[in-house]
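Step one of this worksheet: look at the structure below.
Each ligand, and each atom within it, is numbered from 1 in the order the structure gives. Note that the structure is a prediction, hence the values are computed from the model and not measured. For the single chain, residues carry numbers from 1 onward in sequence order.
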Amino acid sequence: MLNWLKSIWNSLWRVGWPRDERASVKAMLSSLLLHLHPPKIRPESLKFRATWAAGLVSLVLALQLTVTGIYLMFYYIPHPDAAWRSMKDLAFVVPLGTLTRNAHRWAAHAMVAIVTVHMLRVYMASGYKGSRQANWVAGVALWFLTLALSFTGYLLPWDQLAYWAVTVGSNMAAAVPLVGDHFRQLILGDRSVGESALLRFYVLHCVALPAILFLIVGFHLFRVRKDGGLVVSEHAPGGGRGDEGHKLVPAWPHLVYRELIVTLVVTATLLALALWLQAPLEAEADPSRTPNPAKAPWYFLGVQELAHYSAFWGGVFVPAATLLGLALLPYLDTHAEGVGRYLPKERRIAQALFAALLLFMAVTTVVGTLFRGPAWALMWWPK
Ligand code: HEM
C-alpha cells in the first residue's frame, strides 16, 4: 500500500524532495506552478519590506474567493423570487453555509483594500517604470476588475442593502454624457435594477469577470518573472547592473516556504473573521421602499460623495480621469532616479501628488460613509 501511494506521489512529483541547491533549482523548473517563480532570487526580495506581501495576499484572496464562490453557486438561484431565500437557506439549511458566505464576503472586502495597498507599494517603489510599464497597466486592469467583481457580487443577496447600493451605483453610471442611459441599460438590461440586472450581474460575477481576472493575473505573474523579479534600487547589491556577481538564493525553500506561511496566515485570519463576524443580510429587496440615505458600497462612497456635488464631474469625470491617469502613468513619468526606493528625495513631488490623491479618496470615503445622513445631509457626529 505504502509503495503504491509512493508511486502515485512520484508520478506527480518526479524530482524527489529537493535536498540541495541543484535539486531545488531542478524542482522549480520542472513544476508548472513553481515554474512561475524564477529558480533563484535576490535575498532582498525575500524581505517583508520588498513587497509588504500585498501581491501574494491578493492572489491568495482571489483563490479563496473562487473556492468559496463555487460552493455558494451550488445553492444560489439568480432570480428575484429566490435569491434572498437562497441566502436564508445558506444560513439555516446548507452545511457550512454561513461560514462560507461570511468568508466570501470578508475576503471580497479585504481584496479591494489589499489590491489598493499593493498598487500603493508598487507606486512608491516606482515599480511601473522601464520594462514594467505594461505590467503596471495590467495591474490597473486588475484593480478595476477587483472593484467590478465586488460591485457585481454586492447585488446577489438581493436584500435592501444590495438593491439600493447597486441602484445608486448604476445611477452614477447613467450620468455619463450622451451614452449614460444606454450604458445603464446595457448593465441593468432595463431602466432599473430588476430580474435582468440580477441575471447579468450573476453571469458577470461568477463567469466573465473571474475568467478575465485570472487570465490577466497569469500574464501579470509571468511578466514579474520576465522583468527580472521585483524592481531593485540602483544602490542595492547587484541593483541596476543585472544579477552578475551578486549572490542569489534558491527560490525553494526560501521563497516557497514564505509563500506557504503567508497563505496559512491569511487562511487562518479569514477563518477567524468568518467565525466571528456575520455578513449582513437586511430585509428582502423592495423597490417601493427607498432607504434614506441610499448608499453605494463603501469603496464607491467617495465617488458618491463627489457625485452629490456634480453627477457628471464628481461621479464620472473624476473617477474616469483617475483611472486613465493611472494607466498612462508609466508613459508620463519615465525618470529613472529613485527607482526601487520607497521615499527617495528625487521623487518628492511625485509622491506628494500621489499621497494627496489617496488622502482625497480617503477623506471623501470617510465623509460618505460616516458623516452623511438622511437626504445626504452632513452630520457632525458619525451615526
Ligand atoms: C488581483 C490583483 C493582483 C495580484 C494577484 C497581483 C500579484 C502580484 C504579485 C504576486 C507580484 C510580485 C510580488 C509583489 O510585488 O507583491 C506583483 C508585482 C507587481 N504588481 Fe501586482 N497584483 C495585482 C494587482 C496589481 C495592481 C492593482 C497593480 C498596479 C496598478 C499591480 C502592479 C504590479 C507591478 C508593476 C508589479 C512588479 C513590481 C516590482 O517589480 O516591484 N498589481 N503583483
Side-chain angles (χ1 to χ4, degrees), residues 33-34 36-38 41-42 44-66 69 107-150 209-234 236 239-240 243 251 254-256 258-260 262-263 266 299 322-334 336 338-342 344 354 357-358 361:
L33 273 184
L34 294 181
L36 282 173
H37 307 77
I41 53 167
R42 296 185 193 89
E44 308 85 68
S45 310
L46 292 171
K47 294 193 179 134
F48 178 77
R49 71 179 304 277
T51 59
W52 307 351
L56 176 62
V57 175
S58 309
L59 183 62
V60 173
L61 287 173
L63 294 173
Q64 282 166 345
L65 283 161
T66 310
H109 285 310
M111 188 157 163
V112 171
I114 201 78
V115 170
T116 310
V117 169
H118 173 56
M119 176 161 70
L120 169 70
R121 203 285 296 161
V122 174
Y123 175 85
M124 297 288 286
S126 311
Y128 53 87
K129 294 186 180 173
S131 61
R132 294 172 178 81
Q133 286 170 316
N135 210 16
W136 168 270
V137 180
V140 175
L142 288 175
W143 188 57
F144 177 76
L145 282 167
T146 305
L147 290 174
L149 266 161
S150 205
L209 297 178
I212 303 172
L213 181 109
F214 277 109
L215 268 179
I216 301 181
V217 165
F219 170 79
H220 192 60
L221 299 180
F222 168 79
R223 283 271 23 126
V224 172
R225 206 194 137 158
K226 290 289 159 195
D227 294 338
L230 303 179
V231 69
V232 245
S233 155
E234 65 276 24
D243 298 334
H254 300 283
L255 176 61
V256 177
R258 279 173 171 80
E259 288 179 346
L260 277 176
V262 170
T263 306
V266 174
Y299 39 84
T322 306
L323 207 61
L324 189 69
L326 282 174
L328 293 180
L329 181 68
Y331 307 99
L332 300 173
D333 174 14
T334 52
V339 165
R341 282 180 284 138
Y342 286 132
F354 200 71
L357 175 71
L358 283 184
M361 279 163 68

Query raised in the report: Would you say Arg121 and ligand 1 have an N/O pair spaced under 3.5 Å apart?
Result: yes
Query raised in the report: More than 12 heavy atoms of other residues, nucleotides or ligands under 6.0 Å from OH of Tyr331: is that the case?
Result: yes
Query raised in the report: Any N or O on Gly55 sitting closer than 3.5 Å to an N or O of ligand 1?
Result: yes
Query raised in the report: For the side chain of Arg225 and the backbone of Leu221, is there at least one donor-acceptor N/O pair under 3.5 Å apart?
Result: no
Query raised in the report: Below 3.5 angstrom, do we get any N/O pair linking Arg132 and ligand 1?
Result: yes
Query - Shortest protein contact, atom 3 (C) of ligand 1 (heavy atom only) - result: Leu142 CD1, 3.8 Å
**Report entry** Spacing of Thr51 atom OG1 and Leu46 atom CG [to the nearest 0.5 Å]
**Finding:** 9.0 Å
Requested in this report: Please work out whether any backbone atom (N, CA, C, O) or any side-chain heavy atom from C-beta onward of Val231 is under 4.0 Å from ligand 1, and answer side chain, backbone, both or neither.
Outcome: both
Query raised in the report: What atoms in ligand 1 come closer than 4.0 Å to a heavy atom of Val224?
Result: 17 (C), 18 (C)
Query raised in the report: Considering only protein heavy atoms, which is closest to atom 1 (C) of ligand 1, and at what distance to one decimal place?
Result: Met111 CE, 3.7 Å
Query raised in the report: If we only count heavy atoms from C-beta on, is the Val122 to Arg132 side-chain gap below 4.5 Å?
Result: no
Query raised in the report: Just which atoms of ligand 1 are under 4.0 Å from any heavy atom in Val115?
Result: 2 (C), 27 (C)
Query raised in the report: Applying a strict 4.0 Å limit to heavy atoms, is Ala138 in contact with ligand 1?
Result: no
Query - Side chain to side chain, Met111 and Leu149, heavy atoms closer than 4.5 Å - result: no
**Report entry** Within-4.5 Å side-chain heavy-atom neighbours: Phe214 and Leu63
**Finding:** yes
Report task. Tell me which part of Leu230 gets within contact of ligand 1: side chain, backbone, both or neither, using heavy atoms under 4.0 Å. Result -> both
Query raised in the report: With a 4.5 Å limit on heavy-atom distance, are the side chains of Trp52 and Leu120 in contact?
Result: yes
Requested in this report: Pull out every atom of ligand 1 sitting under 4.0 Å from any heavy atom of Leu59, numbered as shown with elements.
Outcome: 5 (C)
**Report entry** Side chain to side chain, Met119 and Leu142, heavy atoms closer than 4.5 Å
**Finding:** no
Requested in this report: Return the residue, atom name and 0.1 Å-rounded distance of the protein heavy atom closest to atom 25 (C) of ligand 1.
Outcome: His118 CD2, 3.2 Å
Query - Identity and distance of the protein heavy atom lying nearest atom 27 (C) of ligand 1 - result: Gly139 O, 2.9 Å
**Report entry** Top protein contact for atom 34 (C) of ligand 1, by heavy-atom distance
**Finding:** Val122 CG1, 3.7 Å
Query raised in the report: For ligand 1, which atoms have a heavy atom of Gly127 less than 4.0 angstrom away?
Result: 35 (C)
Requested in this report: Enumerate the atoms of ligand 1 whose separation from the nearest heavy atom of Met119 is less than 4.0 angstrom.
Outcome: 29 (C), 30 (C)
Query - Side-chain heavy atoms of Tyr342 within contact of Arg121, under 4.5 Å - result: yes
Requested in this report: Could you list which atoms of ligand 1 come closer than 4.0 Å to a heavy atom of Gly229?
Outcome: 40 (O)
Query raised in the report: Would you find a donor on one side and an acceptor on the other, under 3.5 Å apart, between the side chain of Trp136 and the backbone of Ser126?
Result: no
Report task. Compare Leu213, Val140, Leu221, Val217 and give the one whose heavy atom is closest to atom 30 (C) of ligand 1. Result -> Val140
Query raised in the report: How far is atom 4 (C) of ligand 1 from its nearest protein heavy atom, and which residue and atom name does that atom have?
Result: Ser58 CB, 3.9 Å
Query raised in the report: Given side chains that start at C-beta, do those of Phe144 and Leu209 come closer than 4.5 Å, heavy atoms only?
Result: no
Query raised in the report: Who's closest to atom 33 (C) of ligand 1 heavy-atom-wise, of Arg223, Arg225, His220?
Result: His220
Query raised in the report: Is Trp136 in contact with ligand 1, taking contact as a heavy-atom separation below 4.0 Å?
Result: yes
Query - CZ-NZ distance between Arg258 and Lys47, expressed to the nearest 0.5 angstrom - result: 10.0 Å
Query raised in the report: Would you say Thr334 and Lys129 make side-chain contact, with heavy atoms under 4.5 Å?
Result: no
